[in-house]
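Presented below is the structure to which this report refers.
In the text below, chain A, chain B and the rest are named by the order of the sequence lines, each starting its count at 1. It should be emphasised that the depicted structure is a prediction, and the values quoted were computed from it without experimental measurement.
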Amino acid sequence: MPPRVRIAPSPTGDPHVGTAYIALFNYAFAKKHGGTFILRIEDTDQQRSTQSSEAAIFDALRWLGLDWDEGPDVGGDRGPYRQSERTAIYREHVQTLLNNGTAYRCFCTSERLAAMRAEQEANKQNPGYDGHCRGIDPADAASRAEGGEAHVIRLRVPEEGETVIVDELRGDIHFSNAEVDDQVLLKSDGFPTYHLANVVDDHLMGITHVIRGEDWITSGPKHVLLYRGFGWEPPLFFHMGLLRNADKSKLSKRKNPVSIDHYRSLGYLPTTFLNFLATMGFSMGEDQERFTLEEMVQAFDWSHVKTGGPVFDGVKLDAFCGDDIRAMDPQALKDALVKHAFEGRLETLVDLSRERINRLDDFLPYISFFFGGEVDYSSVIGKMVPKKRDKKETIKVLKAYLEGIERSEAARAFTVEGLGEFSKEFAAAQGWKPKELYPLLRAAATGRTASPSLFDTLAALGKDRVRLRLRSAIEALRRLAD
RNA sequence: GGCCCCAUCGUUCAGCGGUUAGGACGCGAGGUUUUCAUCCUCGAAACCAGGGUUCGAUUCCCUGUGGGGUCACCA
């Protein structure tokens, strides 16, 4: 039976390189064995999921050439492929769990849960649900639920014994049931949590192999217990190592550009990017590290996959990409260059520069800072710290801004208006005048003291590039003598 | 902290009981190039530690150490 695998991203932000990484391995494995690669959207978090994020994920994965055989936008006969459209299915299935005692209704309020956690913390106990509602008579619980009392549905984890998850890459992993929490399966808003939705969907969609990041290992026993509760055969599990920051922590946007779009906008070739990603954990053997997706598919075998978490180091990616650019034929390179530089943004660049150039030939030099990654701060570094501020404070403000553009609803979409609104409030909150903040941001984002309107500039640069440069500006400031 | 995972040059991937421990990126030196880049040559650079098993351990086992993940009505 050919394998059916899936990638199940949550549309809650920019398309993540980790998603591409896991997608690549799912894809390679499926294609190697003539199987099916499925894209499922895990949008059960109604607060954070967005339509635009979903679209961006599709776009990013397609850019890389990781096309899926079934998914929300391409269809398939095991749909729908968006979890928000499957809520009836989850509710129906959770009923069988309720009926056979694998799950129970819990009426605890969030206040009680918070108090419970506080107490557990005070007593240095491991946090976890205390089973307060486990003993409620199912019939009573059902009628209370019928009466409209708010509640969630939890997994009833056996108090004794252990649950084993079979990892095809790592062998058996044993968990004592006492350590496994009574996870919420169905939230009070009627939406399932990841655990329930994932198991129900994987089963119903006929998923045979679950290839995912190792950060899921600890929830493995919950999933196994769920399969058991349903009376289903669990799929085979493969937990990949996680991509890391230079300090070995899990790859994060705080420390690294993690959006696929970032690498795309910096002009990495998608084929190179994929090849580079593949070398993180996979090898062809025989010291060969340059290969195409097709070649990887041909050679794919789990014995060539490492479980250690690789550091995602862009330096080598640059070298790979440079080699590939040199190898392109002149016409293809010319086309790629023009497309990359101007497609979709020529209009913006012209708008932003037309009042500031006198000759046609001024155009390219003027807009040059809209391209490329890090910039040279040597001509502006001396002007970055505002007159009445010091270096330390300036660094602090830049760091806060960096965090702010993630947190702020207004700034997150990185539009001209949103950035303006956010930045004004941000300055006030920091006790800085716009006159102090804006030149600093301009210098940090562009390496210049002059540019088009700050927010136009930031928006046109794009969030990832701005983030990258702000971080590098902080580094430049740190190196500056006091 | 509890539980779980991982462990070869700075990074990445080889090695799957006996090797001068290999390739790539990066780094250093030299050469080609008017310069830079490219390209070529050479070089420095690693088996986390301690116990076992074995004639023999980087390789198998155990312990320690280190790093990571996870402990939500987020995925």
Side-chain angles (χ1 to χ4, degrees), chain A residues 8-13 16 18-19 40-49 83 106-110 113-114 117 120-121 123-129 150-154 162 165 167 169-198 212-222 239-251 275-291 303-323 325-327:
Chain A
S10 183
T12 52
H16 199 282
T19 302
R40 181 172 74 221
I41 292 294
E42 307 236 335
D43 57 350
T44 54
D45 184 342
Q46 289 294 285
Q47 308 304 317
R48 298 197 302 149
S49 297
Q83 291 186 329
C106 168
F107 299 88
C108 291
T109 61
S110 48
L113 294 175
R117 278 189 204 107
Q120 286 169 339
E121 194 171 336
N123 297 336
K124 293 190 172 174
Q125 289 171 284
N126 288 328
Y129 184 62
H151 68 286
V152 300
I153 292 174
R154 287 182 185 273
E162 63 171 28
I165 111 150
D167 185 298
L169 256 23
R170 302 160 193 254
D172 293 359
I173 305 173
H174 298 251
F175 290 88
S176 161
N177 288 334
E179 296 153 13
V180 183
D181 199 10
D182 279 7
Q183 253 292 324
V184 170
L185 301 178
L186 202 69
K187 302 181 244 184
S188 55
D189 64 2
F191 276 80
T193 57
Y194 169 83
H195 307 283
L196 207 224
N198 153 72
R212 47 153 48 158
E214 68 174 322
D215 46 350
W216 291 109
I217 290 179
T218 15
S219 41
K222 293 167 191 168
H239 290 98
M240 302 280 305
L242 260 25
L243 258 21
R244 316 284 189 97
N245 297 310
D247 65 3
K248 308 274 177 129
S249 57
K250 176 173 161 177
L251 192 66
N275 178 194
F276 177 69
L277 229 35
T279 63
M280 310 265 97
F282 172 79
S283 76
M284 302 281 273
E286 297 178 0
D287 296 334
Q288 188 197 342
E289 59 179 1
R290 299 311 315 272
F291 46 84
S303 67
H304 292 141
V305 175
K306 257 184 80 158
T307 49
V311 171
F312 183 91
D313 176 10
V315 175
K316 193 168 183 177
L317 171 60
D318 281 351
F320 273 20
C321 199
D323 282 344
I325 282 176
R326 263 163 244 128

Span that lies between the C1' atom of B/C39 and that of B/G50, in whole angstrom
48 Å
Quick one: is B/C6 close enough that its OP1 or OP2 comes under 4.0 Å of any side-chain N or O from A/K306?
no
A/E179, nearest nucleotide to its side chain (from B/C6, B/C4, B/C3):
B/C3
Does a side-chain heavy-atom distance below 4.5 Å link A/D43 with A/S10?
no
Taking the side chain as every heavy atom from C-beta outward, state whether A/N126 and A/E179 have any pair of such atoms under 4.5 Å apart.
no
Residues forming a side-chain contact (heavy atoms from CB on, under 4.5 Å) with A/T19, sequence neighbours excluded:
A/I7, A/P9, A/H16
Quick test: give all pairs of protein nitrogen or oxygen and nucleotides 28-33 of chain B nitrogen or oxygen below 3.5 Å, distance rounded to 0.1 Å.
none

Just so I know, are the side chains of A/Q46 and A/K187 near enough to count as touching, which here means a heavy-atom distance under 4.5 Å?
no
Sorted by chain and number, sequence neighbours left out, salt bridge (charged side-chain N to carboxylate O under 4.0 Å, His left out) with A/K250 holds for A/D215
Base, sugar-phosphate alone, or nothing: which one does A/M280 contact when heavy atoms must sit under 4.0 Å apart?
sugar-phosphate
Got a donor-acceptor contact below 3.5 angstrom from the A/Q288 side chain to the A/R290 backbone?
yes
In Watson-Crick or G-U wobble terms, with both distances under 3.5 Å, the base opposite B/A37 is none
Name the nucleic acid region contacted by A/G281, choosing base, sugar-phosphate or nothing; use a 4.0 angstrom heavy-atom cut-off, strictly under.
sugar-phosphate
Summarise how protein sits on nucleotides 20-26 of chain B as a single string, 5' to 3': B when a protein heavy atom is under 4.0 Å from the base, S for sugar-phosphate-only contact, - for no contact.
--BBBSS
Do A/R244 and A/L251 come close enough that some side-chain heavy atom pair is under 4.5 Å?
no
Distance between the P atoms of B/C36 and B/C42, in whole angstroms?
22 Å
Under a 4.0 Å heavy-atom criterion, the protein footprint on nucleotides 62-75 of chain B, written with B, S and -, is -----SSBSS-BBB
Note: for A/V305 and A/F175 on RNA chain B, the residue whose nearest nucleotide lies more 5' is A/F175
side-chain contact (heavy atoms from CB on, under 4.5 Å) with A/E42: which residues, sequence neighbours excluded?
A/A8, A/R40, A/Q83, A/Y194
Using Watson-Crick geometry (N1-N3 plus N6-O4 or O6-N4) or G-U wobble (N1-O2, O6-N3), each under 3.5 Å, B/U63 is paired with B/A49
For A/D247, is there any backbone N or O sitting under 3.5 Å from a side-chain donor or acceptor partner on A/N245?
no
Check: A/T279 and A/F291 side chains under 4.5 Å, non-hydrogen atoms
yes
Please give the nucleotide sitting opposite B/C42 as a Watson-Crick or G-U wobble pair, both distances under 3.5 Å, or none.
B/G28
Answer yes or no: is there a side-chain heavy-atom contact under 4.5 Å between A/R212 and A/N198?
yes
Between B/C25 and B/U58, how far apart are the two P atoms, rounded to whole Å?
29 Å
Looking at every strand, decide which applies to A/H304 at a 4.0 Å heavy-atom threshold: base, sugar-phosphate, or nothing.
sugar-phosphate
Considering every strand shown, what is the Watson-Crick or G-U wobble mate of B/G2 when both distances are under 3.5 Å?
B/U70
Would the distance check show the side chain of A/D181 and the main-chain N or O of A/Y129 forming a donor-acceptor pair, the cut-off being under 3.5 Å?
yes
Take atom C1' in B/U8 and the same atom in B/C4, then report the distance between them in whole Å.
24 Å
Considering every strand shown, what is the Watson-Crick or G-U wobble mate of B/U19 when both distances are under 3.5 Å?
none
